[in-house]
Amino acid sequence: MKITKAHINKLEDYLWEIPKSFKPQMRVPARVLASEPLLDAIMEDRSLAQLVNVASLPGIVGASLVMPDVHEGYGFPIGGVAATSYPEGAISPGGIGYDINCGVRLMVSDQKIHTIRDNLEELAKELYAQIPSGMGKGGQIRLSSKDMDTVLSKGAQWAVANGYGAEEDLAFMESKGRLPNADPSMVSDMAKKRGSNQLGTIGSGNHFVEVDYVEEIYDDDIAEAFGLYEGQVVVLIHTGSRGLGHQVATDYIRKMMSAMANYNIEVPDRELCCVPFNSSEGQDYFKAMCAAANFAWCNREVISWEVRTAWQNIFGPDIPLKLMYDVAHNIAKIETHKVNGQEAEVIVHRKGATRAFGPGFEELPLIYKDHGQPVIIPGSMGTCSYVLAGTAKSRELTFGSCCHGAGRRLSRTAAKKQVNAPVLKERLKDEGIFIEAGSFKGIAEEAPIAYKDVNMVVDTVRESGIAKRVAKLRPVAVVKG
DNA sequence: ATGTGC
């Protein structure tokens with residue numbers, strides 16, 4: 001059945017609900033966090049049908065949720081949050097995504113944009129030279145099978161211990177760059193092989209390394225705590241677990257498709273395949289997912305080292321780049337949330353959604369603790385990005401989650417038809433944004449026109465109260481696959 | 001997203 005406005009109730013400004021009564025399979029209502037114009041845009045693709053499907057997941061609690069940057073994905077929409085009861089509720093690889101622990105980190109310099117304007121083109125080229133990018137691309141590091149197991153169990157700590165990272169970065173990463181439940185033996189040899197030369201590589205698609213400057217500060221206190229100020233040059237890194245995470249997802253989706261029947265699980269779409277978290281298949285996947293997440297954190301740490309190398313090559317020694325924060329936006333976590341008025345442990349699936357815990361969260365570095373978790377929102381290439389801070393309200397509305405980006409508006413194919421990439425590249429150069437990319441195809445697919453307006457997305461999360469605006473970033477140099 | 005596809 002086609003979902004229309006008639007099926008959607010407005011709960012409050014920026015919060016919409018498709019009630020449980022919409023379909024018999026639904027176990028909880030389906031909720032959309034969006035302004036009305038964004039809701040209209042969301043209704044253009046199959047996001048809401050997928051959101052409704054997710055509401056039938058075994059053990060789902062509260063509501064099936066999507067953020068304002070949602071678009072359709074494999075089974076689950078990208079920009080979705082689903083919490084299932086721990087430990088017997090479902091775990092579903094589709095609710096995490098093929099790129100396990102795809103995420104973003106922000107590094108901050110102590111340079112002002114006007115001091116490096118003349119270096120930007122050179123900087124873009126040097127970053128492109130230092131950071132392997134593109135589909136299937138490997139890097140310099142070849143991991144032995146012993147080192148691979150250490151990466152999978154220790155995450156970013158491996159990079160630090162092996163000269164590709166900085167000890168002081170670890171405290172500034174979600175989960176300190178390491179999920180303790182990882183078990184390398186649950187990751188297939190094929191996945192390990194695919195990942196063995198991919199540490200320190202960004203891949204393709206929407207992944208990038210980008211130099212930005214802070215264009216505007218919205219909250220002085222939080223910006224100061226996060227170490228951000230107007231005019232400051234910063235570096236944004238967006239990538240995940242590459243072929244390794246993709247293979248883990250592929251392996252376990254295949255296993256769950258056949259295992260599902262053993263647990264009498266029926267889902268409205270095969271792509272929602274899942275098993276009970278506490279089943280053997282569920283535990284195996286969770287341990288493998290944690291391992292792939294650790295690979296991704298290590299990858300972003302190694303890329304930071306490459307960025308620091310490029311920085312030194314252009315600006316000389318001793319120009320520090322500090323890690324502001326690193327967030328995952330494709331991951332499942334065991335967390336405590338309020339469910340039907342009671343605190344309960346739940347398995348929170350975030351697929352294209354960022355954890356956004358508010359002030360007081362224990363894991364945060366002391367200097368951030370009074371202000372909530374940094375939430376990093378990359379916009380599309382050549383527009384702008386945001387730094388937000390999580391709030392207490394995110395726990396009430398979205399299981400402590402927020403949006404993760406602008407959200408795709410056009411399919412890759414549609415974007416390629418509409419965009420003349422060489423012209424776009426020149427236009428952006430005229431605006432002072434230098435792009436270095438492996439292919440014009442990649443530039444076309446990632447053109448700003450292919451994305452929603454990130455300002456509208458960020459306005460929604462701000463108005464709904466799940467995050468505060470801290471700073472707006474403007475790109476000046478971009479490396480893409 | 002991904003050695004683009006059973």
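This structure is a prediction, so every number in the text was calculated from the model and none was measured. Just so it is clear: chains get the letters A, B, ... in the order the sequence lines come, proteins before strands, and each one is counted from 1.
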Practice item. Using a strict 4.0 Å threshold on nitrogen-to-oxygen distance, state whether A:Asp169 and A:Arg308 make a salt bridge. Key: yes

Separation of [X] atom [atom1] from [N] atom [atom2], in whole Å?
X	N	atom1	atom2	result
A:Tyr98	B:dG5	OH	P	9 Å
A:Glu271	B:dC6	CD	P	11 Å
A:Ile96	B:dT2	CD1	C1'	17 Å
A:His207	B:dT4	NE2	P	15 Å
A:His246	B:dT4	NE2	P	9 Å
A:Lys351	B:dT2	NZ	C1'	13 Å
A:Asp251	B:dT2	CG	P	16 Å
A:Ile100	B:dT2	CD1	P	12 Å

What nucleic acid atoms does [X] come within less than 4.0 Å of, heavy atoms only: base, sugar-phosphate, or nothing?
X	result
A:Gln198	sugar-phosphate
A:Lys441	base
A:Gly243	sugar-phosphate
A:Glu446	sugar-phosphate
A:Arg412	sugar-phosphate

Point to revise | Distance-minimising heavy-atom pair for A:Cys274 and A:Met256 | key: CA-SD, 3.9 Å

Review point. Does A:His329 have any ring-ring contact (aromatic ring centres under 6.0 Å, His included) partners at least two apart in sequence or in another chain, and if so, which?
Key: A:His238, A:His404

Review point. Just by distance, do the side chain of A:Glu210 and the backbone of A:Leu236 share a donor-acceptor pair under 3.5 Å?
Key: no

Practice item. Decide yes or no for A:Ile331 and A:Leu179: does some side-chain heavy atom of the first lie under 4.5 Å from some side-chain heavy atom of the second? Key: yes

Revision key, fill the gap. When pairs are called at under 3.5 Å and a stem needs at least three consecutive Watson-Crick or G-U pairs, the stems of DNA chain B are none

Review point. Taking A:Asp99 as the fixed residue, which of A:Lys351, A:Arg242, A:His207, A:His246 is the one that meets the side chain to side chain donor-acceptor pair (under 3.5 Å) rule?
Key: A:His207

Point to revise | Centroid-centroid under 6.0 Å between A:Phe172 and A:Tyr368 rings | key: yes

Practice item. Would you please confirm or rule out a distance under 4.0 Å between OP1 or OP2 of B:dT2 and any side-chain N or O of A:Ser204? Key: yes

